[in-house]
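For the numbers below, each heavy atom of this structure counts, side chains included, while hydrogens, waters and symmetry mates do not. Residue numbers start at 1 and run along the sequence shown.
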Amino acid sequence: VLREFFIGNVFQRQPPEVQSFLLKTSILRHVGGPLCDAVTGQNNGAEMLAWLLRENLFLEHLEEPGWYRYQDLFAEALRAHLQSQFPSETARLHRRAGKWYRAQNDGIDAVDHLLAARSWEEAASLIESVVLRELEPSGESSRLWQWLQQLPEWVVQQHKVLLIAYVRLAWLGLPTREVDDFLSRAEMRIASMPASQK
């Protein structure tokens with residue numbers, strides 16, 4: 001009911017350029033001018049956010065200047081509308097956000113967007129090369145475990161560091177039988193790989 005309210009009484013009453021901006025940026029947890037520009041392909045993100053704020057369109061200030069977030073239910077309604085109206089757009093928008101976060105050296109947010117875009121190899125490589133080093137020393141195993149579970153099994157098995165991390169964390173979070181089955185599948189996959197890839 002609230003979703004229908006937001007779409008019918010708020011979203012659809014906005015000009016087309018505002019609707020497009022809201023839909024495209026709804027995939028973001030936090031919104032700021034440069035990130036919105038990267039995702040939308042426009043160059044008016046900061047101005048659009050200032051306008052949304054003046055219009056009281058469910059946008060909240062964050063502590064960091066120039067950064068905001070959409071109110072949760074409003075963002076959820078926008079994402080659902082985006083998915084129903086433009087399902088093929090979502091992955092492309094997430095890839096753009098992931099690329100922007102990578103350029104800002106923000107591996108954690110980049111990985112979240114790459115996983116949402118189903119860019120498995122790129123996400124796996126980023127987890128392996130950057131984020132793993134950041135998360136493990138700080139005890140962020142739960143976030144790493146969530147990411148590893150989102151990756152397809154075959155992707156995890158192709159990355160030795162991720163495979164080791166997966167097995168180590170699986171022993172803590174899965175029944176022994178599931179871990180044994182995973183290891184059996186991993187062994188078969190590794191055995192079938194060309195020697196140059198082992």
Side-chain angles (χ1 to χ4, degrees), residues 21-32 34-41 45 62 64 67-70 72-174 178-179 181-183 185-186 189-190 197:
F21 181 86
L22 287 170
L23 286 181
K24 289 176 178 178
T25 59
S26 69
I27 63 143
L28 303 169
R29 188 167 43 241
H30 301 136
V31 289
L35 173 57
C36 290
D37 290 346
V39 169
T40 63
L62 295 176
E64 194 175 344
W67 285 91
Y68 311 89
R69 63 184 289 277
Y70 294 122
D72 289 340
L73 292 174
F74 185 56
E76 187 181 309
L78 291 172
R79 284 191 298 270
H81 194 64
L82 173 67
Q83 190 59 39
S84 70
Q85 299 298 309
F86 310 100
S88 62
E89 274 288 286
T90 306
R92 190 168 63 85
L93 296 170
H94 278 294
R95 276 193 294 276
R96 287 180 176 179
K99 182 178 180 182
W100 186 86
Y101 276 116
R102 280 193 86 157
Q104 309 307 308
N105 293 317
D106 184 343
I108 290 173
D109 284 312
V111 167
D112 285 337
H113 284 289
L114 292 171
L115 288 171
R118 301 172 69 89
S119 295
W120 305 130
E121 277 298 329
E122 195 176 351
S125 296
L126 186 56
I127 293 169
E128 196 171 43
S129 67
V130 178
V131 182
L132 196 55
R133 290 195 302 272
E134 292 175 17
L135 292 183
E136 288 218 294
S138 64
E140 283 271 3
S141 295
S142 61
R143 185 192 301 264
L144 177 58
W145 179 235
Q146 288 172 356
W147 285 343
L148 292 173
Q149 287 183 301
Q150 288 179 64
L151 288 170
E153 193 172 282
W154 62 269
V155 174
V156 173
Q157 292 171 357
Q158 287 181 328
H159 294 263
K160 291 176 187 170
V161 174
L162 299 186
L163 181 57
I164 292 165
Y166 185 97
V167 171
R168 186 173 55 78
L169 294 171
W171 283 117
L172 302 172
L174 294 178
E178 284 187 40
V179 179
D181 289 346
F182 173 84
L183 288 172
R185 290 190 301 273
R189 182 169 191 86
I190 291 167
Q197 292 182 16

Margin query: Rounded at 0.5 Å granularity, tell me how far OG1 in Thr90 sits from CG in Leu23.
Written below: 9.5 Å
Notebook entry, point to check: Between Glu89 and Arg92, does at least one N-O distance fall below 4.0 Å, as a salt bridge requires?
Noted result: yes
Notebook entry, point to check: Who passes side chain to side chain donor-acceptor pair (under 3.5 Å) against Gln150, sequence neighbours left out?
Noted result: none
Note to self: I'd like to check Val31 versus Phe21 (side-chain heavy atoms, cut-off strictly below 4.5 Å). Are they in contact?
What the structure shows: no
Margin query: Restricting to non-hydrogen atoms, name the atom on Ala170 and the atom on Val179 that form the minimum distance, rounded to 0.1 Å.
Written below: O-CG2, 3.6 Å
Check: Do Phe74 and Leu78 have side-chain heavy atoms sitting under 4.5 Å apart?
Finding: yes
Note to self: Does any part of the side chain of Trp100, heavy atoms only, come nearer than 4.5 Å to the side chain of Asp37, both counted from C-beta?
What the structure shows: no
Note to self: Nearest 0.5 angstrom please: Thr40 OG1 to Leu35 CG, how far?
What the structure shows: 9.0 Å
Next item on the list: Taking the side chain as every heavy atom from C-beta outward, state whether Phe182 and Leu163 have any atom pair closer than 4.5 Å.
Entry: yes
Checklist line | Residue that, paired with Ser26, satisfies side chain to side chain contact (heavy atoms under 4.5 Å, CB included) out of Glu76, Gln83, His81, Arg79 | finding: Arg79
Check: Heavy atoms, side chains only, cut-off 4.5 Å: are Ser125 and His159 in contact?
Finding: yes
Next item on the list: Heavy atoms only: give me the nearest Leu62-Arg69 pair and the separation to one decimal.
Entry: CD2-CD, 3.6 Å
Notebook entry, point to check: Looking just at side-chain N and O atoms, do Trp154 and Gln158 make a donor-acceptor pair shorter than 3.5 Å?
Noted result: no
Side-chain donor-acceptor pairs of residues 110-118 under 3.5 Å, sequence neighbours excluded:
unit_1, atom_1, unit_2, atom_2, d
Asp112, OD1, Trp147, NE1, 2.7
His113, ND1, His94, ND1, 2.9

Notebook entry, point to check: Roughly how far apart are Asp109 CG and Arg29 CZ, rounded to 0.5 Å?
Noted result: 4.5 Å
Next item on the list: Measure the spacing between CD1 of Ile164 and CD of Glu128 and express it to the nearest 0.5 Å.
Entry: 9.5 Å
Next item on the list: Could you grab the distance from atom CD of Gln149 to atom CG of Leu144, nearest 0.5 Å is fine?
Entry: 10.0 Å
Checklist line | Salt-bridge present (Arg102, Glu122; N to O < 4.0 Å) | finding: yes
Check: So how far is it from Tyr101 OH to Leu126 CG, rounded to the nearest 0.5 Å?
Finding: 13.5 Å
Check: Closest approach of Pro87 and Ser84, non-hydrogen atoms and distance?
Finding: CD-O, 4.2 Å
